[in-house]
Trainee: 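Before we start, here is the structure in question, set down as structure tokens.
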Number of protein chains: 2
Amino acid sequence: MENKTYHHGDLRNELIEVGAKLLIEQGLEVFSLRKVAKEIGVSHAAPYRHFKDKEDLIVEISNKGIEEFYNALAKPFYEYKNQPKLQLIELGKAYIKFAIDNPYLMKILFFSDLKKKIDISKISDINDDSYSLLVDSVKNCIASGETTVKDVQALSLLTWSFVHGLSALMMEEVINIGEISDEVIDKMVKLSTLGYFKS
Amino acid sequence: MENKTYHHGDLRNELIEVGAKLLIEQGLEVFSLRKVAKEIGVSHAAPYRHFKDKEDLIVEISNKGIEEFYNALAKPFYEYKNQPKLQLIELGKAYIKFAIDNPYLMKILFFSDLKKKIDISKISDINDDSYSLLVDSVKNCIASGETTVKDVQALSLLTWSFVHGLSALMMEEVINIGEISDEVIDKMVKLSTLGYFKS
DNA sequence: ACCTGAACACCGTTCAAGT
DNA sequence: ACCTGAACACCGTTCAAGT
């Protein structure tokens, strides 16, 4: 409105920032490039100077989201470094809490068809990093002799599937989020590992 | 639903049938009412005689999908009625296999934002039925004294989360489906219950 | 070099009008 | 009663033209 100025230089970053806001607040289904351009006060064709297409912008936004996700997992990972079992449990809780707090972001990262078209090489590093936190934690548990199962890969996938599935069920409101207190999450995550740990 | 033949005889059902085909083959993201109409050879406004809007058609298609899903679970449920532990394992395997075989349908049922707008009351009966198969199976396991955990709800949610999460990871190709043989599925599902069963 | 405006091909949805 | 065609408001994307 007041802004009829020539936008220099920073449009690319502003597209990412405003785009992320809209995407995370409103979800993928109603996300449009034209809305982002309008919100910034630029013509609807302007984004094409900086991004090949709509998906290219979404990939860029996703990259930032993956970093946030990694950070959310890294915190408990380092905090409970010396208590393998607790570390694995806290990792699971952090995963689920991140999903609850960032449902639209989580959907873009894990539940959208877009992902197939995303250039995996771009995001695989940090993605692998997130996964490696889990694998490391499982290794620690096995190494410290706390588990009954010794298969790192199988136990990692098992844990991942569980937190991923519980996150999905909660996000989709198949399970009423209102009922999902911190205590319930704590209980479920502990129960999910219980079978494989010596008591 | 009785139908007078004017143009095609039964446009309503043809919309559901052709719509389901397109939806399940190509996915939600590229699904359009206009394409369905064109494929049938009817004007793009014609569907609005039979459905309030696009989502209304999708809900109808979803209902059919939920029935198929229920049937896929009911088969092992009744087949292994007298072997509680095996019943639960086969139920999990059937869940995962259905997801792999019907990824787009599964996404519509469980992973789309649409679901929130879907009139849950319409689908909750059969949905509850599917869930009750799982709960029944867990109850059987507990009743026959095979498990170390006695909390029906917690154990049901645990099992559901695991198969749901593994399905999601496979569908999203976070895990390479090529590597997911029947043996791997069998192994994972068994491992997921192993901790809670006396050996 | 960066941005605009018109243009094109697609959408969902509504509605007066045709059969 | 069922369907059509025009119309409207939105999309993504391209491109010649403006600054």
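Not measured: the values here are computed from a predicted model. In what follows, every chain begins at residue 1, and chains take the letters A, B, ... in the order their sequences are listed.
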Trainee: Whether B:S43 contacts D:dC3 is assessed here as follows: a side-chain N or O lying under 4.0 Å from the phosphate OP1 or OP2. Is that the case?
Mentor: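 No, B:S43 has no side-chain N/O under 4.0 Å of OP1/OP2 on D:dC3.
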
Trainee: On DNA chain C, nearest-nucleotide positions of A:R34 versus B:K54: which is more 5'?
Mentor: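 Counting from the 5' end, the first nearest nucleotide belongs to A:R34.
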
Trainee: Could you state the atom-to-atom distance from CG of A:D53 to C1' of D:dC15 in whole Å?
Mentor: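 Distance, rounded to whole Å: 17 Å.
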
Trainee: Output all residues satisfying salt bridge (charged side-chain N to carboxylate O under 4.0 Å, His left out) with B:K21, sequence neighbours left out; order by chain, then residue number.
Mentor: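 Per chain and number, B:K21 pairs via salt bridge (charged side-chain N to carboxylate O under 4.0 Å, His left out) with B:E39.
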
Trainee: Can you tell me the distance, in whole Å, between the CD atom of B:E14 and the C1' atom of D:dC2?
Mentor: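 Checked: the CD to C1' distance equals 15 Å.
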
Trainee: For A:R49, check salt bridge (charged side-chain N to carboxylate O under 4.0 Å, His left out) against everything at least two apart and list the hits.
Mentor: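 Here no residue qualifies.
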
Trainee: Could you tell me the separation between the CG atom of A:L57 and the P atom of D:dC11, rounded to a whole number of Å?
Mentor: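 Distance, rounded to whole Å: 15 Å.
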
Trainee: Can you tell me how far P of C:dG5 sits from NE2 of A:H44, to the nearest Å?
Mentor: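 Taking NE2 of A:H44 and P of C:dG5, I get 9 Å after rounding.
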
Trainee: Looking only at side-chain atoms of B:K35, point me to the closest of D:dG12, C:dC11, C:dG5.
Mentor: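 Ranking D:dG12, C:dC11, C:dG5 by closest atom to the B:K35 side chain puts C:dC11 first.
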
Trainee: Any side-chain donor-acceptor pair under 3.5 Å between B:Y95 and B:W160?
Mentor: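 Present: a donor and an acceptor within the cut-off.
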
Trainee: Which donor-acceptor pairs under 3.5 Å do the side chains of residues 75-82 of chain B make with protein atoms, sequence neighbours left out?
Mentor:
none

Trainee: Which pairs count as salt bridge (Lys or Arg N to Asp or Glu O under 4.0 Å) when at least one residue sits in residues 151-163 of chain B, sequence neighbours excluded?
Mentor: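 Passing the test, one end in residues 151-163 of chain B: A:K187-B:D151.
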
Trainee: Where the side chain of B:L11 is defined as all heavy atoms beyond and including C-beta, which of D:dC3, C:dG12, C:dT14 is the nearest nucleotide?
Mentor: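 Closest nucleotide among those given: D:dC3.
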
Trainee: Using a 4.0 Å heavy-atom cut-off across all strands, classify A:K38 as base, sugar-phosphate, or nothing.
Mentor: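 No contact at all - A:K38 keeps every heavy atom at 4.0 Å or more from the nucleic acid.
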
Trainee: Ignoring the backbone of B:V42, work out which of C:dC11, D:dT4, C:dG12 is nearest its side chain.
Mentor: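 My answer, after comparing the listed nucleotides, is D:dT4.
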
Trainee: Which one, D:dT13, C:dC11, D:dC3, comes nearest to the side chain of B:H50?
Mentor: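 Of the options given, the side chain of B:H50 lies nearest D:dC3.
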
Trainee: Between C1' on C:dC11 and CZ on A:F31, what's the gap in Å once rounded to a whole number?
Mentor: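 Whole-Å distance recorded here is 18 Å.
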
Trainee: Can you measure A:E29 atom CD to C:dC11 atom P for me and round it to whole angstrom units?
Mentor: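 Answer to the nearest Å: 17 Å.
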
Trainee: In whole Å, I'd like the distance from the OH atom of B:Y48 to the P atom of D:dA6.
Mentor: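 Rounded to the whole Å, the gap is 18 Å.
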
Trainee: According to a 3.5 Å limit on both distances, what stems of 3 or more consecutive Watson-Crick or G-U pairs are formed with DNA chain D?
Mentor: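 Expected stems, ordered by start: C:4-8 with D:12-16, C:12-16 with D:4-8.
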
Trainee: Can you tell me if B:E25 has over 12 outside heavy atoms packed within less than 6.0 Å of its CD?
Mentor: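 Atom CD in B:E25 is packed in, count exceeds 12.
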
Trainee: Please pick, from D:dT13, C:dC3, D:dC3, the nucleotide with the shortest atom-to-atom distance to any side-chain atom of A:R49.
Mentor: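 So the side chain of A:R49 is nearest to C:dC3.
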
Trainee: Side chain of A:L33, heavy atoms from C-beta onward: which of D:dC11, D:dT13, C:dT13 has the nearest atom to it?
Mentor: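 The answer is D:dT13, which lies nearest to the side chain.
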
Trainee: Could you tell me the separation between the CG atom of B:D10 and the C1' atom of D:dC3, rounded to a whole number of Å?
Mentor: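 The answer, rounded to whole Å, is 15 Å.
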
Trainee: For B:Y48, enumerate each residue passing the ring pair (Phe, Tyr, Trp, His ring centres under 6.0 Å) test, keeping only those at least two apart in sequence or located in another chain.
Mentor: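 Scan of B:Y48 (ring pair (Phe, Tyr, Trp, His ring centres under 6.0 Å), adjacent residues dropped) gives none.
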
